[in-house]
Asker: 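Let me give you the structure first, and then I'll get to my questions.
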Amino acid sequence: MDNVHIVTLGCHHCHGEHLHEVTYAGRLLASTLCSNCGHRIAKDLPGLRRAYLADVEHRILTKPGRMLRRVIHHPVSFARGLPGALLLKPAKMEAELGVLTGRR
């Protein structure tokens, strides 16, 4: 899924710019892992879970407005993308929950 990204960041542990594996839970940063020294910075899971639940609540509350804007501005692409979005959403949410439970 799109919850893991590879980016170049400065590592304060080994003092250099290296590739890092950056993991997200939804829109929230969950952890980073340096490919050079293996140093991991992870958010505490209880705090991340609370923030994730607040983020999901916000996404659910704002979803109707975001969908309406897409329908108004891009009705054809909205109609074409809706079936795929509905099919992929459960897998995307499962991947986000996997981050929160420590499976990823």
Asker: Would you say that Leu53 contacts Glu57 through its side chain, given a criterion of any heavy-atom pair below 4.5 Å between the two side chains?
Answerer: no
Asker: Can you tell me how far apart NZ (Lys89) and NZ (Lys92) are? Round to the nearest 0.5 Å.
Answerer: 4.5 Å
Asker: Is there a chain of hydrophobic side chains (I, L, V, M, F, W, Y, each step under 4.5 Å between heavy atoms) that links Val7 to Leu29?
Answerer: yes
Asker: Give a yes or no on whether Tyr24 and Leu100 share a hydrophobic cluster (residues Ile, Leu, Val, Met, Phe, Trp, Tyr; joining criterion: side-chain heavy atoms under 4.5 Å apart).
Answerer: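 Result: no, two separate clusters.
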Asker: Taking the side chain as every heavy atom from C-beta outward, state whether Leu28 and Lys43 have any atom pair closer than 4.5 Å.
Answerer: no
Asker: Report whether Ile60 and Tyr52 are members of the same hydrophobic cluster (ILVMFWY, side-chain heavy atoms less than 4.5 Å apart, transitive linking).
Answerer: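 Yes.
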Asker: Please list all pairs meeting salt bridge (charged side-chain N to carboxylate O under 4.0 Å, His left out) that have one or both residues in residues 76-86, counting only residues at least two apart or in different chains.
Answerer: none
Asker: Is Leu82 reachable from Leu87 through a run of I, L, V, M, F, W or Y residues, each pair having side-chain heavy atoms under 4.5 Å apart?
Answerer: no
Asker: Give, for atom CG of Leu45 and atom OG of Ser31, the distance between the pair rounded to the nearest 0.5 Å.
Answerer: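 It comes to 9.5 Å.
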Asker: Should the ring pair His39 and His13 be called parallel, tilted or perpendicular, given that the plane angle runs from 0 to 90° and is split at 30 and 60?
Answerer: parallel
Asker: State, to 0.1 Å, how close Leu9 and His20 come at their nearest heavy-atom pair, and which atoms those are.
Answerer: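 That would be O-CE1, 3.3 Å.
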Asker: Look only at the side chain of His12 and the backbone of Gly10, and say whether a donor-acceptor pair between them is shorter than 3.5 Å.
Answerer: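 No, because the side chain of His12 does not come within donor-acceptor range (under 3.5 Å) of the backbone of Gly10.
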Asker: Kindly give the heavy-atom pair with the smallest separation between Arg59 and Arg66, and that separation in Å.
Answerer: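 Nearest pair, atom of Arg59 first, then Arg66: O-NH2, 2.8 Å.
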Asker: Taking salt bridge (charged side-chain N to carboxylate O under 4.0 Å, His left out) as the cut-off, I'd like each qualifying pair that reaches into residues 45-54, sequence neighbours left out, listed once.
Answerer: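 Checked against salt bridge (charged side-chain N to carboxylate O under 4.0 Å, His left out) - neighbours excluded - no pair reaches residues 45-54.
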Asker: Take His73 and Phe78, measure what side chain to side chain contact (heavy atoms under 4.5 Å, CB included) needs, and give me the verdict at the end.
Answerer: CA-CA 9 Å; His73 296 293; Phe78 175 82; over 6 Å; no
Asker: Can you list everything that forms a side-chain contact (heavy atoms from CB on, under 4.5 Å) with Ile6? Sequence neighbours excluded, please.
Answerer: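 Partners of Ile6 under the side-chain contact (heavy atoms from CB on, under 4.5 Å) test: Leu19, Glu21.
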Asker: If I compare all heavy atoms of Val99 with all of Ala30, which pair ends up nearest, and what's the gap?
Answerer: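 Shortest heavy-atom separation between Val99 and Ala30 comes out as CG1-CB, 3.5 Å.
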Asker: Using the rule that two of Ile, Leu, Val, Met, Phe, Trp, Tyr join whenever any of their side-chain heavy atoms come within less than 4.5 Å, decide whether Leu33 and Val4 are in one cluster.
Answerer: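 Hydrophobic grouping puts Leu33 apart from Val4.
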Asker: Compare every heavy atom of Ser35 with every heavy atom of His18, then report the nearest pair and how far apart it is.
Answerer: CB-OG, 4.3 Å
